[in-house]
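Hydrogens, waters and symmetry mates are skipped; everything else that's a heavy atom, side chains included, is used.
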Amino acid sequence: MIRDRGRIKWTSMMLPEHVKLLRDWVKEDRNEQKKIIDEQQLESMNEVLMEAVEFDQLVAITHYQNHNYEIVVGKVHHWDELTQKLHVVDRFEEVHHIAMVDIADVRLMDM
C-alpha cells in the first residue's frame, strides 16, 4: 500500500490559478439541480399552506436557494401576490421571503 501526502504533494508544483480552479470545481460539484414539481405536488403543497395560514400552524418549507436546498421552519405571515413571494416568520422572528417557483416541499410541523 502506497502512503503519500495526496494532494498536498502536488499543490506545491501547481500554479495558484490552477489550485483556485480545482477548489471552484469541487465547490461547483456540490451544487444541486433544481427539481421540477408536478401538478399533484403543487396542489398538495397549496392545501398544506392554506391549512397552515388558516390555523396559524408551523410549516417546514424546503426551497431552492444559492444552488442548494434549504429548509425554513416558521409561520406563514402573508402571501405577496405582486412579487409572487411567501413571507415566513421563523422562531427567531426573522422574516424570509421565498419565491413560489423556488419552493420544493411544504410540510406541517408538530408543536
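Between the CD atom in Q65 and the CD1 atom in I71 there is a gap of 13.0 Å [rounded to 0.5 Å]. We find the CD-CD distance between Q40 and E43 to be 9.5 Å, quoted to the nearest 0.5 Å. The structure places CZ of R23 at 13.5 Å from NE2 of H18, a figure rounded to the nearest 0.5 Å.
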**Item:** Evaluation steps, side chain to side chain contact (heavy atoms under 4.5 Å, CB included), between T62 and E70
**Value:** CA-CA 6 Å; T62 306; E70 297 180 3; over 6 Å; no
**Prompt:** Going through the distances and angles, do E28 and D24 end up as a side chain to side chain contact (heavy atoms under 4.5 Å, CB included)?
**Reply:** CA-CA 6 Å; E28 182 181 299; D24 290 344; over 6 Å; no
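Within 6.0 Å of CD on E81 lie no more than 12 heavy atoms contributed by other residues, nucleotides or ligands. Atom CD of Q84 is surrounded by more than 12 heavy atoms from other residues, nucleotides or ligands within 6.0 Å. In this structure, H77 places its NE2 atom where only 12 or fewer heavy-atom neighbours from other residues, nucleotides or ligands lie under 6.0 Å away.
Within the 4.5 Å cutoff, the side chain of Y69 has no heavy atoms near those of the H63 side chain. For the pair E51 and Q57, the minimum side-chain heavy-atom distance is below 4.5 Å. A heavy-atom distance below 4.5 Å is found between the side chains of R30 and V26.
No continuous path of hydrophobic side-chain contacts links I36 to Y64 [ILVMFWY only; heavy atoms under 4.5 Å]. Neither M109 nor V89 shares a network with the other; the hydrophobic side chains, linked directly or stepwise wherever heavy atoms of I, L, V, M, F, W or Y lie under 4.5 Å apart, form separate groups for each.
The side chain to side chain contact (heavy atoms under 4.5 Å, CB included) check on D29 picks up nothing, with sequence neighbours excluded.
Sorted by first and then second residue, the pairs that involve residues 93-106 and meet side chain to side chain donor-acceptor pair (under 3.5 Å), not counting sequence neighbours, are K34-D102, H87-H97, D90-H96, D105-R107.
For A99 against K85, the heavy-atom pair with the smallest separation is CA-CG, 3.9 Å.
Under the 4.5 angstrom side-chain criterion for Ile, Leu, Val, Met, Phe, Trp and Tyr, the cluster partners of M45 are I37, L42, V48, L49, V53, V59, I61, V72, V76, W79, L86, V88, I98, M100, I103, V106, L108.
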